[in-house]
Structure formats: C-alpha cells, structure tokens
Amino acid sequence: MSVIIKNVTKYYGEQKALDDVSFEIKTGEIMGFLGPNGAGKSTMMKIITGFIPATSGSVTINGHDIGTGSLKVREMTGYLPENNPLYPEMYVREYLGFVASMYRSDIPLKNRIDRIIETTGLIPEQNKKIGSLSKGYRQRVGLAQALIHDPQVLILDEATTGLDPNQIVEIRNLIREAGKEKTVMLSTHIMQEVEAICDRIIIIDRGVIVADEIKENIYSKLINDRLVIEVEFDRDIPDSLLAGIPHAGRVRKTKPNTWIIESPANHDVRAGLFEFAVRNNLTVLSLQRKEGNLEEIFRILTGK
C-alpha cells in the first residue's frame with residue numbers, strides 16, 4: 001500500500017496553500033509531516049483523504065486516484081482531523097457503531113466495536129456520552145473511529161492533542177503498532193513525538209517541501225554543514241556584540257546570560273568566543289557544541 005502525491009497545487013482564491021508538492025509514503029512507514037502554522041499540512045491531509053480537491057496534481061492510494069476513485073480511497077483510509085469532530089449527544093459505543101456501519105466488513109459489527117474500544121483504552125468510558133468525556137478521551141474516540149474499519153492508510157492530524165503523559169505513551173504505542181502493517185502519515189507540533197515514533201520526516205513551509213529524509217539522515221544532512229555553539233557568560237551583554245565575532249552567523253539568547261551561535265562548519269567560532277570574553281572582561285561559565293535535534297532543524301529550515 002503506497003500513497004503517491006504528484007505535483008499537487010492548491011489555491012484558496014488567490015492564495016496558494018500548496019505549491020507543486022510531490023512525495024510518496026510506503027507500507028510500514030510512519031511519516032512525520034511537520035511545518036509551522038499555515039504551512040499547508042492540514043490542506044494536504046484533506047486532499048489525500050478526499051475532503052477537498054486539489055487545484056492541480058494527483059493523489060493515488062494503492063493505484064486508485066482520489067479524483068476518480070474517491071469511494072475506494074475512503075474505504076482504505078482512516079482519518080483523524082485536527083479538530084476531531086464528534087457527536088457529543090451520542091454514547092461512545094453508539095457512535096462507534098454508527099461509524100462502523102458505514103464500512104463493509106466480514107467481521108460482525110459488535111466484534112469490531114469491542115476490539116477497537118479495547119485497543120484504544122475506551123472500556124471505562126464506552127457507555128458514556130461523548131460530550132461528558134475529557135478532552136483526552138474524546139481524542140481516543142476520534143482515533144477509534146479512524147481505525148474501526150482497519151484501514152490500510154492512516155492519516156492523523158495532531159493525534160495526541162489533549163492527552164496526559166501516560167495516554168500519550170499509549171497512543172504512540174498504538175500508532176507504532178499500526179505502522180508495522182499500515183501506511184501512516186502523522187502531523188504534529190510535538191517534536192519529541194516525531195523523534196519517538198516516525199521513520200521519515202517531511203517538513204513543509206509556505207506550501208513547499210523543504211526537507212524529505214529518513215529520520216537519521218535529516219540530522220546529519222543539516223547539521224554537518226554548520227556549527228552550533230552554546231555559550232554562557234557570567235553576566236549579560238547585548239546580542240549585537242556577539243554578532244560581531246568573526247564567522248558568527250545567527251545569534252539568539254536562550255536564557256539569562258546564555259546564547260546559541262551558529263557558524264559554518266569550516267569556521268569554528270569557539271576560539272573567537274574566548275578572545276571576545278577576554279577583551280570584554282567576561283568569564284566563560286560553559287561552552288559546548290550542540291548536537292542536532294529536530295527542533296533546531298525545524299527552526300533552521302522554516303526560519304521560525
């Protein structure tokens with residue numbers, strides 16, 4: 001089962017939300033889809049699931065085009081949108097039965113409902129109205145409806161929003177298990193989540209793909225060409241002074257008396273930092289090279 005996106009562009013009026021986007025996700029792959037607010041993540045997911053059409057380009061799932069085979073694609077796809085629309089007046093078991101009844105299956109309806117309620121940890125809440133549930137349990141109901149027909153492709157937009165730390169671990173494990181046999185596309189703002197469960201990372205910014213790498217490669221590709229140094233002095237100084245150090249690139253303050261300084265990998269700024277400290281009668285309390293992390297890479301690529 002594969003999801004193939006080819007040259008997808010989407011306009012809302014005169015505003016371009018997606019600009020000639022192409023990528024592919026394969027079976028057994030959990031792909032993290034990242035980007036700042038307004039980058040086009042939710043728009044791309046809605047196009048893949050057939051909720052809105054692309055202005056141009058194509059989306060195929062297991063050989064079925066979303067434009068000409070929308071019903072077949074929906075049979076194979078489970079979708080949890082960001083705002084998780086539910087019917088608050090319905091009971092959990094009632095709602096899941098309603099959703100399950102829309103999909104053809106050889107498995108009896110009750111068995112499908114029982115299985116997904118157990119899988120998503122909804123047993124204690126199964127006879128309650130959705131409107132009375134906590135935000136975390138409502139999120140579980142949303143995930144249950146996305147999984148109840150055992151889809152081959154799972155599209156999750158902010159799947160762990162509102163969950164407590166224990167629930168997050170449980171849902172991550174569920175997604176990880178699903179990824180062994182399904183194609184999973186996960187959008188989230190939680191960088192630790194992507195690092196914990198995703199095999200591959202795509203970063204989109206202003207409707208354009210700016211990175212598409214397996215998780216291990218994205219670090220080496222983007223960090224090897226730059227040096228990121230964290231320095232702490234014994235007192236505060238203006239950022240502009242640090243920016244004057246030879247080869248210092250971007251300078252930003254992260255906490256009192258502490259700065260992150262970027263420079264090209266072939267121009268180490270550490271010697272210059274010590275000379276700067278001596279000239280300005282500063283004591284260097286700590287100086288260390290920062291290893292690559294996804295949050296830093298995201299900020300570098302999107303300028304956020």
TODO: Treat each ILVMFWY residue as a node, draw an edge where side-chain heavy atoms are under 4.5 Å apart, and state whether Val169 and Met191 are in one component.
DONE: no

TODO: Just jot down the salt bridge (charged side-chain N to carboxylate O under 4.0 Å, His left out) partners of Lys253, sequence neighbours excluded, or say none.
DONE: Asp236

Task: Contacts of Ala159 that satisfy side-chain contact (heavy atoms from CB on, under 4.5 Å) - sequence neighbours left out - done: Leu80, Leu156, Ile175, Leu186

Open item on the list: My understanding is that only residues two or more places apart in sequence, or in another chain, count here; which of them pass side chain to side chain donor-acceptor pair (under 3.5 Å) with Asn280?
Closed with: none

TODO: Step by step, work out the salt bridge (Lys or Arg N to Asp or Glu O under 4.0 Å) result for Arg250 and Glu262.
DONE: CA-CA 5 Å; Arg250 189 176 183 129; Glu262 294 176 22; 5.1 Å; no

Task: Thr9 and Asp19: side chain donor to acceptor below 3.5 Å - done: no

TODO: Report the residues that fulfil side chain to side chain donor-acceptor pair (under 3.5 Å) with Asn37, sequence neighbours left out, ordered by chain and then residue number.
DONE: His189

Open item on the list: Testing the basics here: between Val3 and Thr183, what is the closest heavy-atom pair and its distance to 0.1 Å?
Closed with: CG2-CG2, 4.0 Å

TODO: Measure from the side-chain N and O atoms of Lys129 to the backbone N and O of Val92, and report whether any donor-acceptor pair falls under 3.5 Å.
DONE: no

Task: More than 12 heavy atoms from other groups under 6.0 Å of OH on Tyr91 - done: no

Task: Crowding at CG, Asn281 (>12 non-hydrogen neighbours, <6.0 Å) - done: no

- [ ] Go through the steps for Ser22 and Ile5 under the test side-chain contact (heavy atoms from CB on, under 4.5 Å), then give the verdict.
- [x] CA-CA 5 Å; Ser22 297; Ile5 314 299; 5.6 Å; no

- [ ] Check side-chain contact (heavy atoms from CB on, under 4.5 Å) between Ile4 and all other residues, then give those that pass, not counting sequence neighbours.
- [x] Ser2, Lys6, Glu24, Thr60

Open item on the list: Applying a strict under-4.5 Å side-chain criterion to I, L, V, M, F, W and Y, I'd like to know whether Phe51 and Met45 cluster together.
Closed with: yes

Task: Side-chain donor-acceptor pair present, Thr43, Tyr12, cut-off under 3.5 Å - done: yes

Task: Nearest heavy-atom neighbours spanning Leu96 and Ala144 - done: CD2-CB, 3.8 Å

Task: Cationic N near anionic O, under 4.0 Å, Lys26 to Glu29 - done: no

TODO: Mind running side-chain contact (heavy atoms from CB on, under 4.5 Å) on Val208 and Val21 for me, showing each step along the way?
DONE: CA-CA 6 Å; Val208 177; Val21 173; over 6 Å; no

Open item on the list: I want to check something: taking the side chain as every heavy atom from C-beta on, are Val141 and Leu122 in contact at a cut-off of under 4.5 Å?
Closed with: yes

Open item on the list: Looking at Thr283, is its backbone amide N or carbonyl O close enough to the side chain of Asp234 to form a donor-acceptor pair, meaning the two atoms are under 3.5 Å apart?
Closed with: yes

Task: Residue pairs fulfilling side-chain hydrogen bond (donor to acceptor under 3.5 Å, both in side chains) with at least one residue in residues 132-145, sequence neighbours excluded - done: Asn84-Gln139, Arg140-Glu170

Task: Nearest heavy atoms of Tyr103 and Arg74, plus distance in Å - done: CE2-O, 3.9 Å

Task: Derivation and outcome, side-chain contact (heavy atoms from CB on, under 4.5 Å), residues Arg93 and Ile117 - done: CA-CA 8 Å; Arg93 177 172 282 275; Ile117 282 176; 3.8 Å; yes

Task: Gap between atom NZ of Lys182 and atom OG1 of Thr27 - 0.5 Å precision - done: 10.5 Å

